[in-house]
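What follows is one structure encoded as structure tokens, with my remarks underneath.
Every value quoted in this text rests on a predicted model; they were computed, and no experiment measured them. Quick note on labels: first sequence line is chain A, next is B, and so on, each numbered from 1.
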Amino acid sequence: MTETLTDDMKLIVFQLKEKEYAIPVHQVNSIEKVLHITRVPGVAPYVKGVINLRGVVTPIIDLRRRFDLEEEPYTDSTRVIIAGFDDLEVGLIVDTANDVIDVNVNSIEPQPDVVGVKEAEYISGVVKLDRRLLILLDLKKVLNPHELKVNYGNEG
Amino acid sequence: MDVNQYLEVFIEESKEHLQSCNERLLDLEKNPEDMSIVNDIFRSAHTLKGMSATMGYEDLASLTHQMENVLDAIRNNKLHVTPDLLDIVFLAVDDLEAMVLSIADGGDGKRDVSEVVSKLKQIEKGETTAQLSSKAEVAAAVAEVDLGTIITSKIEYDEFESTVIQQSKEQGFEVFEITVSLREDCLLKAARVYMVFEVLEKIGEVIKSNPPVDQLEEEQFDQEFTVTIVSKDQLDDIKLKVMKVSEVDSVEIHPVILEIDRESQVSSGTLVEEEPKKGQKEDTYLPEQTQKKKQASPAKQQVNKTIRVNIERLDILLNLFEELVIDRGRLEQISNELKNQELHETVEKMSRITGDLQNIILNMRMVPVETVFNRFPRMVRQLARDLGKKINLEIIGADTELDRTVIDEIGDPLVHLIRNALDHGVETPEVRKANGKSEEGTVVLKAYHSGNHVFIEIEDDGAGINKDKVLTKALKNGIVNEQTAAALTDKEVYELILASGFSTAEKISDISGRGVGLDVVKNTIESLGGSVTIDSKLGKGSIFSIQLPLTLSIISVMLVEIEKEKFAIPLSSIIETAIVKKEDILNAHNQRVIDFRGKVVPLLFLKDIFEVPCQETEDHFYSVVIVRKGDKMAGLVVDSFIGQQEVVLKSLGNYLTNVFAISGATILGDGQVALIVDCNALIK
């Protein structure tokens, strides 16, 4: 195995309110258009509901809502990134997703102190690429089921 | 040798053989004389021995070998089947099971079996001195004795024996029938018989005796007995040799002539005229029957040819099929819109085929409940011995089929209930006698289909449930208060024993009665979508009845609509649907209720509970689904009913667990997801 292969990392790039985010390609299973979402009552507000993903009921998270950005109606370019790790599989609603890029692992830097407000805790690093800045998301922290539980634990 | 690829097969087959050993051993206990059972066990043990030796599990092989020796001794009538003997054989099977399990878990299958092996050796040797020559039994081994039939003396030969006789003659041997009479004053008849046999063994081969050898051993004959022997010696020589045995009165001997055409078996075989003998017991042989049985069972196996399929593959198949069903729904819609005759016909045909396919796939996941039941006879036997009770377990309907997922879950609850029936239900033999019952208690385990459900009943004819005792205990443990206690029906009282923190047994025993068992049973069954009911008569016995859904993956639901959202309510919890006028709704302290057939039923507005976004519109009529949990009811208010449908139950996934009042989801024909309402969570 060559040096370059081990040091390269494929990232899926998507946009939320003009900012570019990225998650490693191995955590992404597919990218879908927005399907009919069935609302699930009594869960955290950023959980939009569930969809039928080829026979599997998959929860959908609105990333704008998750990062406390203002919500916008879905457009033709809105995409659902089906991502997951371990046994978890969720869909993430993003504005657009249209890029797969290779970055060198060494080019990933720790996040600068001031990037945004809320998203800071979900960020595992930033990648500077020419004139673009990609914000690398830590999927585990984005999903964090414990936080989810607190949000609807008092329901009922 | 690389054995890994065979390991899985080895483990599966070993388990099957051990299971069949267990079953047949229990049969043997009931019919100790039936040699065909011993043969079956022997065959299983033998196969097991061969397999484990090939795979290099030597402990397993050596223990099986020892067990085989004991079985061989039983088969050759050297040993008699006694409960104690069976105990040790069972012990050996237990050890074998433990070893196979350890191999399955990745262990080396080693285990200290020396104790069991030595016990088996003891049995094997223990009684060998008392035996008669083993060869004599070759023919007699499969014999059963019918003492009832008394006909004039002649030995009847079955097909096998006559073949032997014929073949011996072809090889230049003579076949003689020797009738030996002992002296009237002979004291040790068995010893004389033994000596006669010893003499005969030296001359030739004994192929048959009348009465059979085991009876001769026990001196169950008058003064004379008849032996058929194959020998090259002269008739007179044999006679003289036998006469040398002391206390022998007379010896009659004549050659056996077989009719070639054996159509008339009764008068066949021997030279009858020469020896009129009176009152000799005739044994009727059953080998032909056993042979038939043997022929029947392999034939049955051929019919039931099976292959093993991993359950995961079936799940994948089912998933793929569900997608097909969803696409079928879309196709149907499209064809309806396009109104193209040919398309319409094709889609219709596809619908029919997929319908059939659905049945087949669902049926593939069905497993006979036997797979759970077959471990109970062994357990009951052991428990009964431990408890000093006599218990007869009857199993009815073991071929009833249930979904694999249900099968996997019901094992433990059933174990609890059976232990409970044995420990608390059936009384000790003394008590039963005193109460005018037969000493042996009966526990009936019964499974049957009814509608979309499977019922499993555990019935015992024991002491029954003492209602007052249950109530007192429940009050003491704070499970009910006195007011509610007074209003409870008998059945409700019985069901209190399923509540957690309840144990009526005065003393806690190892077997059951920690007060944790029965509420676990109830919880498990309810989590499977089933229910437990109890009926009991004091002094007569109790019935625990478990109702289970046929399958967990497909359920019948009532689809309802609230605004634009669709929800599914399981039919199993619905009593009925009703349209209620607004005026009929009453207010009872912040809670809106209706009067439903004389009962006050609280109303739950699903719109509020599920926070359905909607504009407030007050209707004059409410659509209400009356649901129940146990005896409690509630009315769920919805916007409209869509209809009844069979749906595939799906979980919400690992991310959304424990969503309030939602037990899962399903995918409707149009590809949308509908949530399934958990009525049990809505009623408190």
Task: Part of A/V40 within contact of chain B (heavy atom distance under 4.5 Å) - done: both
Open item on the list: Rounded at 0.5 Å granularity, tell me how far OG1 in A/T38 sits from CD in B/E565.
Closed with: 8.0 Å
TODO: Examine whether an atom of A/I51 lies under 4.5 Å from a heavy atom of chain B, and if so say whether it belongs to the side chain, the backbone or both; otherwise answer neither.
DONE: backbone
Task: Side-chain heavy atoms of B/L675 within contact of A/R39, under 4.5 Å - done: no
Open item on the list: Can you tell me how far apart OG1 (A/T58) and CG (B/L656) are? Round to the nearest 0.5 Å.
Closed with: 10.0 Å
Open item on the list: Please give me the minimum heavy-atom distance between B/V659 and A/P41, naming the atom from each residue.
Closed with: CG1-O, 3.4 Å
Task: Top contributor to chain A interface from B/L682, B/L320, B/V612, B/T666 [non-hydrogen pairs under 4.5 Å] - done: B/V612
TODO: Check whether more than 12 heavy atoms from other residues, nucleotides or ligands sit under 6.0 Å from atom CG of A/N106, and answer yes or no.
DONE: yes
TODO: Could you tell me whether the side chain of B/Y655 and the main chain of A/L143 form a donor-acceptor pair under 3.5 Å?
DONE: yes
